Amino acid sequence: AKAGAGTPETGVRVPGTWMRLGQTLEQMLSRAQFQAATGPRGQQVQKGEIAWFGIPSIATLHFRDDRLDVVEFLVEDAAPYWTDYVRDQLRLAGYRPWCRTDEPGLAICEWHGATLVNLEVRDRRLHARVTTTGSAPATGVAQRPGRTPARRDTVPVHPRVFVLGRAA
């Protein structure tokens, strides 16, 4: 937000969306349709359909002190390549995974980066929870019992850009 406009700057961007943690409910409703939902202990919660990394999903927005605090995404009947795509996009955005389990059809991983993305894939159901505590050092995460680095990358990420029609 502009300095002096009366609105404090919003926080970090929620990966795969236009949203930023710290945005007000008013800011969220100006860009998308969300409906009030029941939250724990009277917490302000909104729910609606949104594209997450271009994938149709149901988003649940949790607010604390009228600011977006947590975002959850649910994708039912997710195609396997959607899960690979989300993982690849998180890697490209600088996130690093630490997984309790990372098997075909079952992956439970914490993705650490600008935010914390708890990503769970069970069969064809994809659930993600995005919070602000994402920049934990990798050494602290690896030392937690039951956590290991992800065993496989879905697609290698190469920093070079290839231009067709030009000599190498």
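None of these values were measured; they are calculated from a predicted model.
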Checking Leu25 against Gln27 for the side-chain contact (heavy atoms from CB on, under 4.5 Å) test, could you report, in this order, the C-alpha distance in whole Å, the side-chain angles of both residues, the deciding distance, and whether it holds? CA-CA 5 Å; Leu25 176 58; Gln27 290 171 317; over 6 Å; no

Go through it in stages, so that I can follow the logic: the residues are Gln46 and Leu29, the test is side-chain contact (heavy atoms from CB on, under 4.5 Å), and I'd like the CA-CA distance, side-chain angles, deciding distance and then a yes or no. CA-CA 10 Å; Gln46 297 283 315; Leu29 292 176; 4.2 Å; yes

In sequence, state the C-alpha distance, the side-chain angles, and the governing distance for Thr83 and Arg87, and then conclude on side-chain contact (heavy atoms from CB on, under 4.5 Å). CA-CA 6 Å; Thr83 300; Arg87 293 166 65 119; 4.0 Å; yes

Checking Arg129 against Val70 for the side-chain contact (heavy atoms from CB on, under 4.5 Å) test, could you report, in this order, the C-alpha distance in whole Å, the side-chain angles of both residues, the deciding distance, and whether it holds? CA-CA 7 Å; Arg129 181 178 172 90; Val70 175; 3.6 Å; yes

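Taken from CZ in Phe63 to CG in Leu68, the straight-line distance is 5.0 Å, to the nearest 0.5 Å. The line from OH of Tyr95 to CG of Leu119 is 12.0 Å long, rounded to the nearest 0.5 Å.
Using a 30° and 60° split on the angle between ring planes, Trp52 and Phe73 fall in the parallel class, below 30°.
The shortest non-hydrogen separation linking Val75 to Ser57 is CG2-CB, 3.6 Å. Residue Arg67 comes nearest to Thr24 through the heavy atom pair NH1-CG2, 2.9 Å, listed as atom of the first residue, atom of the second, then distance. Among all heavy-atom pairs drawn from Thr115 and Pro15, the shortest one is OG1-CD, 3.8 Å. Of all heavy-atom pairs between Leu21 and Asp69, the closest is CD2-O, 3.7 Å. Across Pro97 and Arg91, no two heavy atoms sit closer than the pair CG-NH2, 4.1 Å. Residues Trp98 and His112 approach most closely at CD1-CD2, 3.7 Å, considering heavy atoms.
In this model, a donor atom of one side chain and an acceptor atom of the other lie less than 3.5 Å apart for Glu72 and His62.
In the hydrophobic clustering of ILVMFWY residues, with side-chain heavy atoms under 4.5 Å counting as a link, Val45 and Val130 come out apart. Cluster annotation: Leu61 and Ile55 are assigned to the same hydrophobic cluster (Ile/Leu/Val/Met/Phe/Trp/Tyr, side-chain heavy-atom contacts under 4.5 Å, transitive). Under the 4.5 Å side-chain heavy-atom criterion for grouping Ile, Leu, Val, Met, Phe, Trp and Tyr, Leu74 is not connected to Phe34 through any hydrophobic cluster.
Arg122 is linked by a side-chain contact (heavy atoms from CB on, under 4.5 Å) to Leu106, Ile108, Glu120, counting only residues two or more places apart in sequence or in another chain. Scored by the side-chain contact (heavy atoms from CB on, under 4.5 Å) test, Ala79 finds Tyr81, Trp82, Arg124 as partners (sequence neighbours excluded).
For CD of Glu49, the number of neighbouring non-hydrogen atoms (other residues, nucleotides, ligands) closer than 6.0 Å is 12 at most.
Each of Arg20, Met28, Met19 was checked for a side-chain contact (heavy atoms from CB on, under 4.5 Å) with Val71, and the lone residue meeting it is Met19.
For Arg13 and Trp18, the positive end is not near the middle of the six-membered ring at less than 6.0 Å and at most 45° from its axis.
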